[in-house]
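Report on one structure; see the data block that follows.
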Amino acid sequence: MARILITSALPYINGVKHMGNLAGSMLPADVYARAMRLLGHDVLYICATDEHGTPAELAAQQAGMDVAAYCDAMHDAQAGAGAQFDLSYDYFGRSSAPSNHALTQHFAHVLEAQDLIYEKVSKQVYSNADGRFLPDRYVEGTCPNCEFDGARGDQCDNCGKLLDPVDLINPYSAVSGSKDVEIRETNHLYLRQSALSDRLRDWVDASEGWPPLATSIAKKWLDEGLRDRAITRDLSWGVPVTDANGKPRAGFEDKVFYVWFDAPIAYIAATQDWAVKTGGDWEPYWKTDAGANDTQYVQFMGKDNVAFHTLSFPTTLIGSGEPWKLVDSLKAFNWVTWYGGKFSTSQKRGVFMDQAIDIAPSDNWRWHLMANAPEGDDAAFTWEEFAVSVNSDLANVLGNFVNRITKYTASKFDGRIPAGGVNTEHEAWIIAELETRIPALIAHYEAREFRKAMEQTRAIWAAGNEYLTRAAPWSLYKTDVDAAAVGVRAGLNLAALFGIIAQPIIPNAADKILSALGVPQSNRSWDFGDIAGLINALPEGTAIKAPDVLFTKIEESDIAEWTAQYGGGQDKA
RNA sequence: GGGGGGAUAGCUCAAUUUGGUUAGAGCCCCCCGCUCAUAACGGGGUGGUUGGGGGUUCAAGUCCCUCUCCCCCUACCA
């Protein structure tokens with residue numbers, strides 16, 4: 001048994017997330033967490049809302065709400081959506097929590113004590129109309145390179161050239177459209193990342209189990225030489241910048257820490273909040289002087305977040321000089337796209353978590369998104385593929401298997417798990433299948449290869465159908481009831497096994513199957529022991545029920561309706 | 001501009017790390033079987049110049065060069 005800390009990239013606060021966000025970190029982290037729990041590990045799965053930054057302030061303003069109240073509402077909405085998708089967080093915290101304020105300020109103080117923080121004045125665009133400094137991409141204007149009119153301050157979408165907002169011709173605020181903008185000087189705290197390059201490189205070189213994507217991105221930045229990075233912003237909503245006495249830092253009264261400085265720290269702060277809430281101990285997860293070297297720390301994130309997790313956050317932790325736990329393994333995902341294009345609220349393209357749960361049960365989404373996880377490349381969501389996942393994999397292969405064997409048991413064996421008969425070549429066949437497939441399934445989960453894990457799960461379900469065809473108890477029943485009983489008993493045990501292996505992915509359907517077969521909670525773990533015994537594990541004579549239809553199929557008319565409402569193939573971006 | 005990832009049956013993806021039998025699977029389609037079951041299930045089959053071009057090698061989807069297209073990052077979006 002191992003102690004495993006799992007974090008999912010923090011979902012940003014400005015609204016309920018779309019299915020791509022769910023599929024890219026929160027859901028796979030959850031499936032992994034559930035699988036590791038079933039394997040008997042001591043798992044802590046931590047997530048939180050990422051609440052600071054300019055977009056949060058603007059979203060609140062647009063909603064006509066106070067930022068804090070807006071974040072309260074959105075945090076609740078996201079927590080609710082997560083619960084509806086059965087995300088089994090041990091704690092779902094907030095980057096705006098007092099614990100994170102304190103810890104972020106703590107890190108800034110110890111980093112400064114290590115001479116890794118200094119003040120520097122830079123130039124930034126200020127919008128008089130909006131009464132705020134504008135991040136580079138919130139300034140738009142004419143591109144000095146190609147004269148495109150809608151160029152953003154950081155990059156021109158037309159010619160692709162990287163820009164400095166100061167160079168834009170006729171700059172205006174992307175927030176209000178106002179041209180009343182000016183360049184102002186502003187003082188900020190900078191993190192001396194350059195001083196930590198060597199220590200960071202040593203750590204990256206020593207790391208194992210990172211995907212090539214993560215290693216190559218980290219090394220590229222290191223090769224170019226880490227630049228010092230501003231870790232404060234001119235905003236009001238965020239973690240206040242304090243001095244060593246906890247008072248507002250002189251000259252920084254109207255500034256807060258940069259969201260990417262405080263957000264990853266919230267992984268730790270949320271763990272502290274979990275400890276307070278549950279009476280647990282957070283230090284064995286995060287402090288190497290409290291046992292965290294024995295903790296396996298796995299981070300899940302989208303491909304855009306890799307540099308922050310491999311460089312920025314480790315810089316904070318290493319630079320502190322304190323014994324903080326660093327990440328062991330990363331799993332980075334590409335994007336789920338909507339028919340190959342981007343999700344867009346305004347253009348009604350794509351489904352968000354709160355809408356999705358009204359369309360189909362959580363299990364259906366979880367299965368489809370994991371079976372088509374964007375592991376190698378971006379993966380396009382389509383209603384047609386969704387229907388295939390639900391109808392073929394869930395309804396026909398798994399749902400129908402459970403249905404056919406339980407119904408048959410009800411009609412011919414009095415609804416009880418039958419005794420009698422002896423195993424034949426057919427039972428030997430299915431046992432051999434399980435003896436190779438179950439270890440392979442577990443290996444895929446341990447390697448966090450989700451598509452392969454789903455493929456193996458489905459293959460095990462499908463093997464059950466093949467077994468029933470081979471054993472054909474309905475034929476044997478006419479001449480030898482005991483011989484038929486062998487097939488029925490094995491089939492019922494297989495149904496239970498299928499529920500047990502399905503738990504990380506489709507927890508609700510799995511529970512329905514296991515409850516119908518009378519499998520107690522205590523017998524649902526992945527401690528399989530002797531695999532040959534799995535087809536005789538259920539107590540003979542136990543009364544079972546045929547569960548209601550486990551998965552309702554998706555009809556052509558459903559697809560047409562959803563396409564009309566949420567967009568589909570006809571408006572590819 | 002720089003860096004990284006990707007392009008493989010009609011569709012969605014394996015196999016590329018470590019070059020090695022006839023490049024696999026699911027869906028679709030066709031044929032057969034079964035009749036316990038949600039018109040489901042099982043078996044078999046059709047289908048590939050591995051994005052284009054060039055090279056290395058006894059052998060290339062895999063290594064090298066080059067071209068095309070898509071995605072991410074490029075340090076003040078998160």
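Proteins come first, then strands; the chains are lettered A, B, ... in the order of their sequence lines, and each starts at number 1.
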Handout entry: Pair A:Q299, A:N305: side-chain N/O donor-acceptor within cut-off below 3.5 Å
Key = no
Practice task
Check the side chains of A:D378 and A:T337 for a donor-acceptor pair under 3.5 angstrom, ignoring hydrogens and angles.
Solution key: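 No donor-acceptor contact under 3.5 Å links the two side chains.
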Nearest-Å distance once atom [atom1] is located in both [N] and [M]:
N	M	atom1	answer
B:C65	B:G6	P	15 Å
B:A78	B:C41	P	49 Å
B:G51	B:C69	C1'	8 Å
B:A14	B:G54	C1'	28 Å
B:C31	B:U46	C1'	10 Å
B:A60	B:G19	P	14 Å
B:U62	B:G5	P	16 Å
B:G48	B:G43	C1'	24 Å

Expressed in angstrom and rounded to an integer, what is the separation of [X] atom [atom1] from [N] atom [atom2]?
X	N	atom1	atom2	answer
A:N305	B:G4	CG	P	21 Å
A:Q456	B:A14	CD	C1'	13 Å
A:H309	B:C72	NE2	P	19 Å
A:Q155	B:G1	CD	C1'	11 Å
A:Y339	B:U12	OH	P	12 Å
A:R404	B:U35	CZ	C1'	9 Å
A:K452	B:U16	NZ	C1'	11 Å
A:W335	B:G5	CH2	C1'	13 Å

Is [N] paired to anything, Watson-Crick or G-U wobble with both distances less than 3.5 Å, and if yes, which nucleotide?
N	result
B:U8	none
B:G1	B:U74
B:A14	none

Problem - Geometric cation-pi criterion A:K553 and A:F551, 6.0 Å radius, 45° cone - result: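 The answer is no, since A:K553 fails at least one limit relative to A:F551.
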Handout entry: NZ or CZ of A:K120 within 45° of A:Y190 ring axis and under 6.0 Å
Key = yes
side-chain N/O [X] vs [N] OP1/OP2, d < 4.0 Å:
X	N	result
A:Y258	B:A75	no
A:N403	B:U38	yes
A:N391	B:U38	no
A:K553	B:A40	yes
A:K219	B:G3	no
A:R229	B:A75	no
A:R458	B:C27	yes

Exercise for the section: Salt-bridge test for A:E57 and A:R132: reply yes if a basic N is under 4.0 Å from a carboxylate O, no otherwise. Expected result: yes
Handout entry: Basic-acidic side-chain contact under 4.0 Å: A:E140, A:R152
Key =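 A salt bridge is absent here (no side-chain N lies under 4.0 Å from a carboxylate O).
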Handout entry: From B:C77, B:C72, B:U38, nucleotide with atom closest to A:K342 side chain
Key = B:C72
Practice task
Tell me which nucleotide among B:U38, B:C77, B:C73 gets nearest to the side chain of A:N396.
Solution key: B:U38
Fill in the blank from the handout: Value for OG1 (A:T457) from CZ (A:F498), rounded to nearest 0.5 Å, stands at 10.5 Å
Practice task
Check if the side chain of A:N400 and the base of B:A40 share a donor-acceptor pair of N or O atoms closer than 3.5 Å.
Solution key: no
Handout entry: Sugar-phosphate only, base, or nothing, as touched by A:A472 at under 4.0 Å among non-hydrogen atoms
Key =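 Counting heavy atoms under 4.0 Å across all strands, no contact is made by A:A472.
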